[in-house]
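First the structure, in the form of structure tokens, and then the observations on it.
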Number of protein chains: 2
Amino acid sequence: MGTSRTGAAGAATRIDVSRTGRPAPAPRMGRKASLSVLPTLPIDQILVGDCIASLEKLPPESVDVVFADPPYNLQLEQALTRPDQSRVDAVDDDWDKFASFSEYDAFTRAWLAGVRRVMKKNATIWVIGSYHNIFRVGTALQDLDFWLLNDIVWRKANPMPNFKGRRFTNAHETMIWASKSAEAKSYTFHYDALKAGNEDVQMRSDWFIPLCTGEERLKDARGRKVHPTQKPEALLARVLLSSSNPGDVVLDPFFGTGTTGAVAKKLGRHFIGLERDPVYAQAARARIDAVEPLSDVAFAAPPEKRAEARVPFLALIEGGYVKAGEILVDERRRYRATVRADGTLALGAIVGSIHKIGALVQGLPACNGWTFWNVERNGALVSIDAFRAKIRAELAA
Amino acid sequence: MGTSRTGAAGAATRIDVSRTGRPAPAPRMGRKASLSVLPTLPIDQILVGDCIASLEKLPPESVDVVFADPPYNLQLEQALTRPDQSRVDAVDDDWDKFASFSEYDAFTRAWLAGVRRVMKKNATIWVIGSYHNIFRVGTALQDLDFWLLNDIVWRKANPMPNFKGRRFTNAHETMIWASKSAEAKSYTFHYDALKAGNEDVQMRSDWFIPLCTGEERLKDARGRKVHPTQKPEALLARVLLSSSNPGDVVLDPFFGTGTTGAVAKKLGRHFIGLERDPVYAQAARARIDAVEPLSDVAFAAPPEKRAEARVPFLALIEGGYVKAGEILVDERRRYRATVRADGTLALGAIVGSIHKIGALVQGLPACNGWTFWNVERNGALVSIDAFRAKIRAELAA
DNA sequence: ACGCGCTCTGAATCCTGGT
DNA sequence: CACCAGGATTCAGAGCGCG
């Protein structure tokens, strides 16, 4: 809440972003009007102002889907540097700062309650977060009588690594998909369309999608990213295609630079965006104005790109193809190494990957461990690469 | 509680599961003894009884890792305990009344507080759950001052499809990995070994592991599965290999059919299992007794770079690898500095460590001098890190 | 045109032991 | 406890300049 605001508390500026590109109307509401409900639903507009105050101006039971990307409450304390000593551009914006978990909880419950009021009976809500905040969001959703339908894992194709090697690479974020109540059974879910777009198997709860980078990422005149946490359009596209219909109204209470609006327009949905920061709101307006809606036939989701999966040697142990403690040998049985339970090889006291140990025994700078090492099966040698092929076949199935 | 119990409330039956397979000792503790702490840590044993009562009998700060697979289906709340430790009666018609989120929260906080007390300062805890309960678990962990390190997604290779087609296929479960407090920085994490077993790239937060099926799945005499949610050993293996050392004590407060114990024994770790249901406990004991530990080399603690002996640069001069007065250069020969007899470098009038001078010439805040500096040998550059490796090898011999 | 190598960057709760 | 200093630590992808 640290960013500058244009109006008095509770006031909101409407920014019209209709496709005609006509200028936005002047702010219509003063202090008094701020307490009342807007005469019409502000379709395809961005309301600039505090999201909880703006929510109060929307009529009850008026939106079909909600997508919310609230602050994560990252709690970063010190600067982080990469191994080359360059600094990581951290999310240190004031809007992500909360004094305590209880303050974050109060904030979360306030906006969720406001959102729930404006959801139609069969509307659903999506909230995205990381381990810093998503557990508190999920608890709040349950406590407010939302009904959880799925938690969806966005697996990032290209996450930032863990530079200090002290944790697992934080390679995903979590979205919670919930209906307004347990009784709402007629929510929108395009099961068949998703299945057809997913090689005729059911869409799973884990989605593999790249980060928002390159041309899609909004930059300012100096080439800096406009928003620190812009989400990829592919993510929003799958959300809206699965849980909304053309013509539906999608509400995003943390609009930012308007990914939800851009994708909604592209897919023939309407949006309502709430955003506190006028800089973000202006960037969103310009972005959405430039969007051309797709023709109906093009509404299908982009197929997930399927690169040949990288199979870790550990997967051969976990899959039972190779046993920890077994001996690997090269084709001529000149070299041998012991398989460890963690998927490494042991050569005396030296431990390393199948590639590193393969290189070491041969005195070479590098080695493809997959084609170098074999196991004994019924008196014959079997390449570990054959097992990798089997696992890849399973993955593809 | 839905299942029968062998002792009085608060009492526990120890089941010894040592490899010799000798029969379990008779219950040792009556009502009085149940309030005191066990004289010795019940290593490699299963304590049959309420987990919160059993936790109170363990000494503080005594276990290295915790793996917990708590009940998450709210219909299992018949096993819940109220905040005052009294048991919720399992009257069929009434249990719905207790199946509230606040009951579940009280239960969760009670066992988490009990577990936290027995964790060593640098111990970590893993808790697995689904979207039904994991958000409440995560919130409770944060509120109890645990420090979240990662949330790990277990992506199931072969999940049960969503039969009605009203949701996404629920194809994953979530594990939270947390340290006892934000201040505990020296928790066990085998970064290097995980990376080496994963094609020499960091292990990510999303793990792809098959469900527990086939021979691994425990069946009773009539061929029915003994436990409804038996976890795959591969999952526990990755948990224990990443966050524990051989000889460590692993506590599992919801032991079930003992996957944690079986994997711990296989990997040379000790376990303590708490289980309310004697049928599960007996099945676990038989299962663990049949486990043969892997050979040492398969699970011995992997060597870690951070733990290697420190070698002062002066030792390279004293060992004759580098001569005082020689010139050090970086790989691209952009920078140079002179070796001084005391093991420092000279850059004009400036004198400092190999690290400090390396940082200085590059204008960076820090630098690893070992990997930055090189000497000329026969026209080629040789990293001073190679000499350090030789000295380390001499030290080890 | 194409490939190669260098640089930059992304919601990050990111070191450790000795004095 | 603070402070200091040794020295350990990154993956995928985009953009750009050069040959």
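All of these numbers come straight from a predicted model, not from anything done at the bench. Just so it is clear: chains get the letters A, B, ... in the order the sequence lines come, proteins before strands, and each one is counted from 1.
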[atom1] spacing across the pair [N] / [M], given as an integer number of angstrom:
{"N": "D:dG7", "M": "C:dT13", "atom1": "P", "answer": "28 Å"}
{"N": "D:dC1", "M": "C:dT16", "atom1": "C1'", "answer": "16 Å"}
{"N": "C:dA1", "M": "D:dC18", "atom1": "C1'", "answer": "14 Å"}
{"N": "D:dG15", "M": "C:dA11", "atom1": "C1'", "answer": "23 Å"}

Side chain [X], main chain [Y], donor-acceptor under 3.5 Å:
{"X": "B:Asp64", "Y": "B:Ala123", "value": "no"}
{"X": "A:Trp111", "Y": "A:Pro253", "value": "no"}
{"X": "A:Arg388", "Y": "A:Ala315", "value": "no"}
{"X": "B:Ser242", "Y": "B:Val239", "value": "yes"}

What is the separation between atom [atom1] on [X] and atom [atom2] on [N], rounded to the nearest whole Å?
{"X": "B:Lys195", "N": "D:dA8", "atom1": "NZ", "atom2": "P", "answer": "14 Å"}
{"X": "B:Glu304", "N": "C:dC15", "atom1": "CD", "atom2": "P", "answer": "15 Å"}
{"X": "A:Phe135", "N": "C:dT13", "atom1": "CZ", "atom2": "P", "answer": "12 Å"}

- prompt: If you find the nucleotide of DNA chain C closest to B:Leu148 and the one closest to B:Ser186, which residue's nucleotide is nearer the 5' end?
  reply: B:Leu148
How would you label the contact of [X] with the nucleic acid (heavy atoms, under 4.0 Å): base, sugar-phosphate, or nothing?
{"X": "A:Arg224", "value": "nothing"}
{"X": "B:Ser353", "value": "sugar-phosphate"}
{"X": "A:Arg166", "value": "sugar-phosphate"}
{"X": "B:Ala366", "value": "base"}
{"X": "A:Asp69", "value": "base"}

- prompt: Using purine N1 to pyrimidine N3 plus N6-O4 or O6-N4 for Watson-Crick, or N1-O2 and O6-N3 for G-U wobble, each under 3.5 Å, what pairs with D:dC4?
  reply: C:dG17
task: Using Watson-Crick or G-U wobble geometry with both distances below 3.5 Å, tell me the partner of D:dC11, or none.
output: C:dG10
field: Nucleotide of C:dT13, C:dC15, C:dA11 approaching A:Asp96 most closely (side-chain heavy atoms)
entry: C:dA11
message: Applying the side chain to side chain donor-acceptor pair (under 3.5 Å) criterion to A:Lys225, which one of A:Asp89, A:Asp220, A:Thr213 satisfies it?
response: A:Asp89
message: Taking the side chain as everything from C-beta on, heavy atoms only, tell me whether B:Val201 gets closer than 4.5 Å to A:Arg310.
response: yes
field: Verdict with supporting geometry, A:Trp154 and A:Trp207, ring pair (Phe, Tyr, Trp, His ring centres under 6.0 Å)
entry: CA-CA 5 Å; A:Trp154 167 28; A:Trp207 302 356; 9.8 Å; no
Non-neighbouring partners of B:Glu394 that pass side-chain hydrogen bond (donor to acceptor under 3.5 Å, both in side chains), sequence neighbours left out: B:Tyr321
So, is [X] close to the [N] phosphate, meaning a side-chain N or O under 4.0 Å from OP1 or OP2?
{"X": "B:His355", "N": "D:dG6", "value": "no"}
{"X": "A:Asn162", "N": "C:dC14", "value": "no"}
{"X": "A:Asn170", "N": "C:dT13", "value": "yes"}
{"X": "B:Lys305", "N": "D:dT9", "value": "yes"}
{"X": "A:Gln78", "N": "C:dC15", "value": "yes"}

task: Report yes if a donor N or O on one partner sits less than 3.5 Å from an acceptor N or O on the other, where the partners are the side chain of A:Arg82 and the base of D:dT9; otherwise report no.
output: no
message: With a 3.5 Å cut-off and heavy atoms only, can you find an N or O donor on one side and an acceptor on the other between the side chain of A:Lys231 and the base of C:dA11?
response: yes
D:dT9: syn or anti, per glycosidic angle within 90° of 0: anti
- prompt: Strictly by modelled atom types, are A:Thr259 and A:Arg287 linked by a side-chain donor-acceptor pair under 3.5 Å?
  reply: yes
task: May I ask you to list the residues of residues 83-92 of chain A, by number, that have any heavy atom positioned under 4.0 Å from an atom of DNA chain C?
output: A:Val88, A:Asp89, A:Ala90, A:Val91
statement: Of A:Gly165 and A:Gly214, the one whose nearest nucleotide on DNA chain D sits closer to the 5' end is A:Gly165
